[in-house]
Amino acid sequence: DLYPISFFETSEWHPSVNNEGKLVYTRWDYTDRENCLGSNFWVCYPDGRDPRAPHGNYPTPYETFSGAVPLDGRIGRPYTEMSIRAIPGSPKYVFTAAPHHGEAFGALCVLDLRIEDDRFMSQIRKLTPYVPFPESQIHARSHYPYGTPWPLSEDFYLVNYWEDICLLDRYGNR
């Protein structure tokens, strides 16, 4: 009695269950939109009802800025949020800031949806501040050391670091 819980026309990845029993995942939601928009955090009920992007899916696009030096709302923030997992006993999430066309490796971040979304970085804190965001902070496709964060608490995370598994603390120390 298997049945699809999503009929989305492109891709959805890395589902997990949050502390409220909802599904959280990454959705490739930039079909017919500006490049690199909308590969972020999504949430829905376990049966697929009410899918929504509670954060980061609509940064201020380049065309909306007036003035001499417009800034693109995507530059300096993660292009893609992968491997999203709820932190046990916390309203926060951990995720991998990954390239939009690449593997699910990059910098690690903590997401707090209780903070008002400024359409940039207000809800995101880098767990690995010494690692640049792929594509939006570093243009090369070679500096992607972290992936698959597994939160044990707000203080400790099991993570992939290159080919190893290590313990990371809330300050990014391995």
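Below, each value reflects all heavy atoms present in this structure, side chains not excepted, and no hydrogens, waters or symmetry copies. We're numbering straight along the sequence, starting at 1.
The two residues Pro132 and Ala107 have their closest heavy-atom pair at O-CB, 4.1 Å. Summarising the geometry of Ser16 relative to Ile84, their closest heavy-atom pair is OG-O, 2.6 Å, with the distance given to 0.1 Å. Nearest heavy-atom pair across Cys44 and Pro51 is CB-CA, 3.8 Å. Nearest heavy atom pair, residue Pro134 against residue Gly106, reads CG-CA, 3.8 Å.
You'll find the side chain of Val110 stays beyond 4.5 Å of the side chain of Ile124, heavy atoms only. When side chains are defined from C-beta on, Tyr157 does not count as touching Leu167, because their heavy atoms never get closer than 4.5 Å. Side-chain contact between Val159 and Ile165 is absent, with no heavy-atom pair separated by less than 4.5 Å. Between Thr96 and Leu108, some side-chain heavy-atom pair lies under the 4.5 Å cut-off. Between Arg125 and Leu127, some side-chain heavy-atom pair lies under the 4.5 Å cut-off. Contact of the Val17 side chain with the Lys22 side chain is not registered, since no non-hydrogen atoms from C-beta on lie closer than 4.5 Å. Contact of the Tyr93 side chain with the Pro151 side chain is not registered, since no non-hydrogen atoms from C-beta on lie closer than 4.5 Å. Taking the side chain as every heavy atom from C-beta outward, Tyr79 and Pro99 never approach each other to under 4.5 Å.
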Next item on the list: Step by step, work out the side chain to side chain donor-acceptor pair (under 3.5 Å) result for Ser83 and His14.
Entry: CA-CA 5 Å; Ser83 303; His14 302 177; 3.2 Å; yes
Next item on the list: Given side chain to side chain donor-acceptor pair (under 3.5 Å), test Ser90 with Glu154 step by step and report yes or no.
Entry: CA-CA 7 Å; Ser90 170; Glu154 284 193 37; 2.7 Å; yes
Checklist line | side chain to side chain contact (heavy atoms under 4.5 Å, CB included) between Arg77 and Asn40, worked out | finding: CA-CA 11 Å; Arg77 59 164 286 165; Asn40 297 316; 3.6 Å; yes
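A continuous path of ILVMFWY side-chain contacts below 4.5 Å connects Tyr130 to Val94, so both sit in one hydrophobic cluster. The cluster map of Ile, Leu, Val, Met, Phe, Trp and Tyr, joined by side-chain heavy atoms under 4.5 Å apart, puts Trp150 and Phe156 in the same cluster. Leu23 and Tyr3 fall within the same hydrophobic cluster, defined by Ile, Leu, Val, Met, Phe, Trp and Tyr side-chain heavy atoms under 4.5 Å apart, directly or through other members. A continuous path of ILVMFWY side-chain contacts below 4.5 Å connects Met121 to Phe41, so both sit in one hydrophobic cluster.
If you take CD on Gln123 and CG on Leu113, they are separated by 5.5 Å, rounding to the nearest 0.5 Å. Residue Asn173 holds its CG atom at 7.5 Å from CG of Leu168, rounded to the nearest 0.5 Å. Atoms CG and CZ, on Asp169 and Arg174 in that order, are 11.0 Å from each other to the nearest 0.5 Å. The CH2 atom of Trp28 sits 11.0 Å away from the OG1 atom of Thr26 when rounded to the nearest 0.5 Å. Separation of atoms CG (Asn19) and CZ (Arg85) is listed at 13.0 Å; rounding is to 0.5 Å. Once rounded to the nearest 0.5 Å, the distance linking CD of Glu81 with CZ of Arg27 reads 14.5 Å.
In this structure, Ser153 contributes its side chain and Asp155 its backbone to a donor-acceptor pair below 3.5 Å. Of the possible donor and acceptor atoms, none in the side chain of Lys92 sits under 3.5 Å from a partner among the backbone N and O of Ala86. In this structure, Asp118 contributes its side chain and Phe120 its backbone to a donor-acceptor pair below 3.5 Å. For Ser122 (side chain) and Glu116 (main-chain N/O), a donor-acceptor pair under 3.5 Å exists by modelled atom type. Judged by distance alone, the side chain of Asp164 and the main-chain N or O of Cys166 form no donor-acceptor pair under 3.5 Å.
Taking the six-membered ring for Trp and the full ring otherwise, Tyr146 and Phe105 have centroids separated by 6.0 Å or more.
The 12-atom threshold is not exceeded at OH of Tyr171, counting heavy atoms of other residues, nucleotides or ligands nearer than 6.0 Å. Under a cut-off of 6.0 angstrom, the local environment of CD in Glu103 is sparse, with at most 12 non-hydrogen atoms contributed by other residues, nucleotides or ligands.
Between the side chains of Glu12 and Ser6, a donor-acceptor pair is found at a separation under 3.5 Å.
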